[in-house]
Protein chains: 2
Amino acid sequence: MQKAIQKRTIKTRAKLLSAAEAVVRSDGYQALRVEDVVKAAGVAKGTFFAHFNDKDALMEILIGERLNACLDQAEAGTPPKTVDEIIVALEPVHSFMTSERYVFDLLIRYSGATAIEDIGPIAYCFERYFRVVMLWLEAADMRKDVPPELLAEGVQAFAIQAMSLRFCALHSATTFTDRLETYLDAWLTPTS
Amino acid sequence: MQKAIQKRTIKTRAKLLSAAEAVVRSDGYQALRVEDVVKAAGVAKGTFFAHFNDKDALMEILIGERLNACLDQAEAGTPPKTVDEIIVALEPVHSFMTSERYVFDLLIRYSGATAIEDIGPIAYCFERYFRVVMLWLEAADMRKDVPPELLAEGVQAFAIQAMSLRFCALHSATTFTDRLETYLDAWLTPTS
DNA sequence: ATTTAATATTGACCGTGGTCATTTTTGATT
DNA sequence: AATCAAAAATGACCACGGTCAATATTAAAT
């Protein structure tokens, strides 16, 4: 029996979330301080941690929301058929994922669910990314010697690699898009 | 002119490093506390930060050292020729990289140099990993439609992906080795 | 041996995430 | 309306990474 959630609870939670969103809007994710959020929401610090396990849990919600919106956008257009089209279609997603170093690090850290029961918002988004890409690949003219699931996992791996290198001074000669295109050409349409 | 480093300095640094190593040996990287290290080394907290920019800088040194030793081991044997042999040869490296969640996260975070001038110990190890694998691939019977540099980057991307999934409950059905083998077979010896 | 400027060390202090015993509020029962 | 147990909120407190003005030590010059 897990009942009796008071109306107050959802109101407080909403106050915390909108206060947090306001902070992020004005100063970015990296700058968010729990103390600022609770002050803006008009509640005590302890209340924050009654609603979210830790600061990261709030971040997961905020970032997961935005990432889901980006994935909506990616899914909205006509399914891409070529490598270039796939990269274009995923651009909003990748752009948000690399919008802040802090965001990227957090995404990577929570990309996998630590326990089956609690798959977090970010792990869910990674699953969704995988699924979306897989469906595109199934319908596109790509190599057929390996299953589309594997191809999609590879796209994810290469996208993460390319995004990592975006933050790396040593490899800044090549742009993110060019690098990802090189990777995916070699992965999705080999000619050996 | 950047001279006049006192003998005291290297002695203090050595004390800090060996104290830190002792903590890691007994409790792991994750459990390391700066306060414990300085207490064991018999110096003040401020001294620690005169020697290392932050806690992560110390961690980079400790982890980089171990990782380099693993890479030594990987390079010691006869160069692997097949996918399976490559996976076996890299096993000590991957094993250490996933020995602790904390270690893996830190490795990813510092895998790229943020500025050309200061390439850290971990970024150096990633470069070395890349170079070692590339040399192996050059001499092995792999696909020839893409340059070995690209192949090696891909191996790194897939290894990271496989290691990430090791920490993920959702994907624990497949073992790390099996997954990496599937990836690398598809990447290094496509049959389309 | 003294002086002295550069270098190293110190530890009180701060920022910020997170805890928990105590107090307040809620809403169902009478 | 009064009661009361469960649920929510509170804020003083802690842990721990990191700072910096003050102090101590070194080693070269005299």
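Here is how names work: the chains are called A, B, and so on, in the same order as the sequence lines, proteins then strands, and each is numbered from 1.
For F48(B) and dT10(C), the CZ to C1' distance is 16 Å, given to the nearest whole Å. Atoms CG (D36(B)) and P (dC16(D)) sit 8 Å apart, rounded to a whole Å. In this structure, NZ of K39(B) is placed 12 Å from P of dG17(D), rounded to the nearest angstrom. Whole-Å rounding puts the R8(B) CZ to dT25(D) C1' distance at 4 Å. Between the CD atom of Q6(A) and the C1' atom of dA6(D) there is a distance of 8 Å, rounded to whole Å. Per the geometry, CG belonging to N53(A) stands 13 Å off P belonging to dC20(C), to the nearest Å. A straight line from CE of M59(B) to C1' of dC16(D) spans 13 Å, rounded to a whole angstrom. In this structure, NZ of K15(A) is placed 14 Å from P of dA8(D), rounded to the nearest angstrom.
Regarding contacts with the backbone of dT9(C), a side-chain N or O of H51(B) is found under 4.0 angstrom from either OP1 or OP2. Within the structure, every side-chain polar atom (N or O) of T12(A) is placed at least 4.0 Å from both OP1 and OP2 of dA8(D).
Membership of the apolar cluster around F130(B) extends to M134(B), L135(B), as traced through chained side-chain contacts below 4.5 Å between ILVMFWY residues.
Base engagement by T47(A) is indicated by at least one non-hydrogen atom pair under 4.0 Å involving a base atom.
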Check the interface with nucleotides 14-17 of chain C: list each N/O to N/O pair with the protein under 3.5 Å, or write none.
{"unit_1": "dT16(C)", "atom_1": "OP1", "unit_2": "R33(A)", "atom_2": "NE", "d": "3.0"}
{"unit_1": "dG17(C)", "atom_1": "OP1", "unit_2": "K55(A)", "atom_2": "NZ", "d": "2.9"}
{"unit_1": "dG17(C)", "atom_1": "OP2", "unit_2": "V34(A)", "atom_2": "N", "d": "3.0"}
{"unit_1": "dG17(C)", "atom_1": "N7", "unit_2": "K45(A)", "atom_2": "NZ", "d": "3.0"}

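Taking OG1 from T182(B) and CZ from F158(B), the interatomic distance works out to 10.5 Å, rounded to the nearest 0.5 Å.
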*Stepwise, does the side chain to side chain contact (heavy atoms under 4.5 Å, CB included) test hold for Y129(B) with L67(B)?*
CA-CA 10 Å; Y129(B) 180 110; L67(B) 194 51; over 6 Å; no
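Annotation: ring-ring contact (aromatic ring centres under 6.0 Å, His included) contacts of H51(A) (sequence neighbours excluded): none.
Using a 4.0 Å cut-off between a side-chain N of Lys or Arg and a carboxylate O of Asp or Glu, R101(A) and D105(A) qualify as a salt bridge.
The V43(A) side chain lies nearest to dT10(D) when the options are dT10(C), dA8(D), dT10(D).
Note on ring orientation: taking the six-membered ring where Trp is involved, the planes of F176(A) and H94(A) are perpendicular (angle over 60°, cut-offs 30° and 60°).
With hydrophobic clusters built from ILVMFWY side chains whose heavy atoms lie under 4.5 angstrom apart, I108(B) shares a cluster with F167(B).
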